[in-house]
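Remember, predicted model here, so these are calculated numbers, not experimental data. Protein chains get the first letters and strands the later ones, always in sequence-line order, with residue 1 at the start of each.
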2 protein chains.
Amino acid sequence: MENTRALFQIMTRRFGLLNKNCCSVGGCDISLTQSHLLYEIDVQHNPSMQQIAETLGTDITTFSRQVQSLIKMNLVRKMPDPTDRRIFTLSLTAEGKMIATTIDQQMNDYLEEVFSYMTEFEKESVLRSVAILNEAMGKSSRCCAPVKG
Amino acid sequence: MENTRALFQIMTRRFGLLNKNCCSVGGCDISLTQSHLLYEIDVQHNPSMQQIAETLGTDITTFSRQVQSLIKMNLVRKMPDPTDRRIFTLSLTAEGKMIATTIDQQMNDYLEEVFSYMTEFEKESVLRSVAILNEAMGKSSRCCAPVKG
DNA sequence: TATAGTAGTTGTAAGATGCAAGTATATAAT
DNA sequence: ATTATATACTTGCATCTTACAACTACTATA
């Protein structure tokens with residue numbers, strides 16, 4: 001195996017393709033960006049728009065429009081914050097929650113399939129390694145800094 | 001750590017942000033897509049347009065324009081194949097090679113920084129795990145199939 | 001030689017993105 | 001209390017990205 005970067009380049013491309021292909025639920029096609037958005041709204045507790053936009057590294061104006069389209073699709077709800085009327089908090093509708101859960105399930109299913117090509121020991125090692133990697137990337141000063149998790 | 005998907009979701013987002021921020025060389029800004037393109041042309045031996053487009057999972061028409069803009073930037077060269085005149089093979093110009101190498105270096109530097117937050121044992125484990133992951137994803141029937149490596 | 005298939009390009013139209021500038025609200029300074 | 005400054009979000013553009021449809025050019029097959 002050539003260099004370290006090649007390893008990660010291929011891995012990220014594979015996940016990119018995966019997300020590109022695997023985000024449709026029922027009749028409803030969800031883009032990769034939208035799927036990240038739903039995921040993050042689901043995970044964070046009553047987040048503001050700024051919070052999510054920052055987490056995802058998206059410009060707030062772009063994000064504003066992304067939220068609008070998800071509201072039109074009846075997947076996301078936007079509520080004014082009672083303590084600060086500039087702020088809107090985001091949450092998933094029942095349908096949005098269902099879609100998010102389904103995507104989660106699809107991804108987990110896929111990952112299970114991938115793990116089926118490994119030994120149990122390898123699987124454990126991969127899971128532990130990804131956790132280690134996430135933690136280390138979180139400590140890095142350069143990029144990736146704004147991402148929570 | 002919640003579920004398996006969360007782990008990979010965060011990892012892929014981090015790499016996405018990384019690529020978004022870390023692909024400028026000198027005055028010349030390279031998009032994520034362009035960086036993948038340069039990488040793949042560099043790695044494959046005199047690939048045709050179809051080959052690279054397929055590897056990257058990009059529509060050939062989109063790809064055709066991406067190549068055009070890289071040619072305009074004098075990073076990529078397009079040569080007609082002598083044995084089949086429908087085919088054009090791609091290669092990097094000296095400048096393109098330089099840019100690709102620099103991006104490679106930047107990514108490796110960044111990865112080294114990330115590894116610096118780990119023990120040597122963890123680093124070994126992470127590298128081995130990514131290789132295992134790539135191989136397993138390559139075997140998967142679902143997505144990611146067209147990607148070489 | 002006719003037919004079908006493959007490689008790549010261009011027309012067009014839709015979507016994504018982000019900067020500049022705006023509104024509305026909150027906080028700090030005088 | 002009033003002004004100035006900062007924050008949260010939206011809208012108007014202008015630009016870039018993307019892909020389907022339709023095209024040209026060439027190759028392979030019948």
Side-chain angles (χ1 to χ4, degrees), chain A residues 13 16-17 19-21 23-24 28-38 40-41 44-73 75-91 143 146, chain B residues 13 16-17 19-21 23-24 28-38 40-41 44-73 75-91 143 146:
Chain A
R13 183 178 330 127
L17 284 172
N19 280 305
K20 209 171 174 180
N21 299 330
C23 288
S24 67
C28 168
D29 263 2
I30 304 291
S31 77
L32 173 55
T33 311
Q34 290 174 331
S35 130
H36 272 269
L37 215 154
L38 292 178
E40 216 45 55
I41 293 177
Q44 293 189 30
H45 176 67
N46 280 351
S48 74
M49 307 218 0
Q50 286 286 350
Q51 266 176 295
I52 303 282
E54 201 169 314
T55 303
L56 299 178
T58 312
D59 186 278
I60 184 70
T61 70
T62 302
F63 185 77
S64 173
R65 278 180 259 254
Q66 287 169 349
V67 167
Q68 282 169 32
S69 72
L70 286 173
I71 290 175
K72 234 177 252 163
M73 293 164 79
L75 303 181
V76 165
R77 220 180 352 240
K78 209 174 78 179
M79 302 277 279
D81 183 320
T83 74
D84 185 337
R85 293 201 297 170
R86 289 170 305 180
I87 297 176
F88 289 87
T89 58
L90 300 173
S91 53
C143 319
Chain B
R13 183 177 331 126
L17 284 172
N19 279 305
K20 209 169 174 181
N21 301 327
C23 289
S24 68
C28 168
D29 263 3
I30 305 290
S31 75
L32 172 55
T33 311
Q34 290 174 332
S35 130
H36 272 270
L37 215 154
L38 292 177
E40 215 46 55
I41 293 177
Q44 294 188 29
H45 176 66
N46 281 351
S48 71
M49 309 219 357
Q50 286 286 350
Q51 267 177 297
I52 303 282
E54 201 169 316
T55 303
L56 299 178
T58 311
D59 187 278
I60 184 69
T61 70
T62 303
F63 185 78
S64 173
R65 278 182 257 253
Q66 286 169 349
V67 168
Q68 281 169 30
S69 72
L70 286 172
I71 289 174
K72 235 177 251 162
M73 294 163 78
L75 303 180
V76 165
R77 220 180 353 242
K78 209 174 78 178
M79 303 277 279
D81 183 319
T83 74
D84 185 337
R85 293 200 298 169
R86 289 170 303 180
I87 298 177
F88 289 88
T89 58
L90 301 173
S91 54
C143 319

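From B/Ser31, atom OG reaches atom CG of B/Leu37 across 8.5 Å, with rounding to the nearest 0.5 Å. Expressed to the nearest 0.5 Å, how far CG of A/Leu38 lies from CE of A/Met73 amounts to 8.0 Å. A distance of 11.0 Å separates CD1 of A/Ile41 from NZ of A/Lys78, quoted to the nearest 0.5 Å. Rounding to the nearest 0.5 Å gives a distance of 11.0 Å between CZ of A/Arg65 and CD1 of A/Ile60.
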Review item, nucleotides 22-25 of chain C N/O atoms under 3.5 Å of protein N/O:
none

Can you tabulate the close N/O pairs, meaning under 3.5 Å, that link protein atoms to atoms of nucleotides 15-17 of chain C?
{"residue": "C/dT17", "atom": "OP2", "partner": "A/Gln66", "partner atom": "NE2", "Å": "2.6"}

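Mapping A/Pro82 and B/Thr89 onto DNA chain C via the closest heavy atom, the residue that lands nearer the 5' end is B/Thr89. With the nearest nucleotide of DNA chain D identified for both B/Thr61 and A/Lys78, A/Lys78 has the one nearer the 5' end.
Taking atom CG of B/Leu70 as the reference point, atom C1' of C/dG8 lies 16 Å away to the nearest angstrom. Separating the CE atom of B/Met49 from the P atom of C/dT10 is a distance of 10 Å, rounded to the nearest angstrom.
Minimum interatomic distance between B/Thr58 and B/Phe63 (heavy atoms only, all atoms of both residues): CG2-N, 4.1 Å. In terms of heavy atoms, B/Ser64 sits closest to B/Met49 at CA-CE, 3.8 Å.
The closest side-chain heavy-atom distance from B/Gln51 to B/Leu90 is not below 4.5 Å. Using a 4.5 Å heavy-atom cutoff, the side chains of B/Ile30 and B/Leu75 are in contact. At least one side-chain heavy atom of B/Arg77 sits under 4.5 Å from a side-chain heavy atom of B/Ser91.
Backbone-only engagement by A/Phe88 is indicated by non-hydrogen atom pairs under 4.0 Å involving sugar-phosphate atoms exclusively.
Defined by atom type and a distance below 3.5 Å, a donor-acceptor pair is missing between the side-chain atoms of B/Glu54 and B/Gln50.
Protein chain B touches strand DNA chain D; the 5'-most and 3'-most nucleotides with an atom under 4.0 angstrom of its non-hydrogen atoms are D/dT18 to D/dT27.
The backbone N or O of B/Met79 lies less than 3.5 Å from a partner atom in the side chain of B/Thr89, making a donor-acceptor pair.
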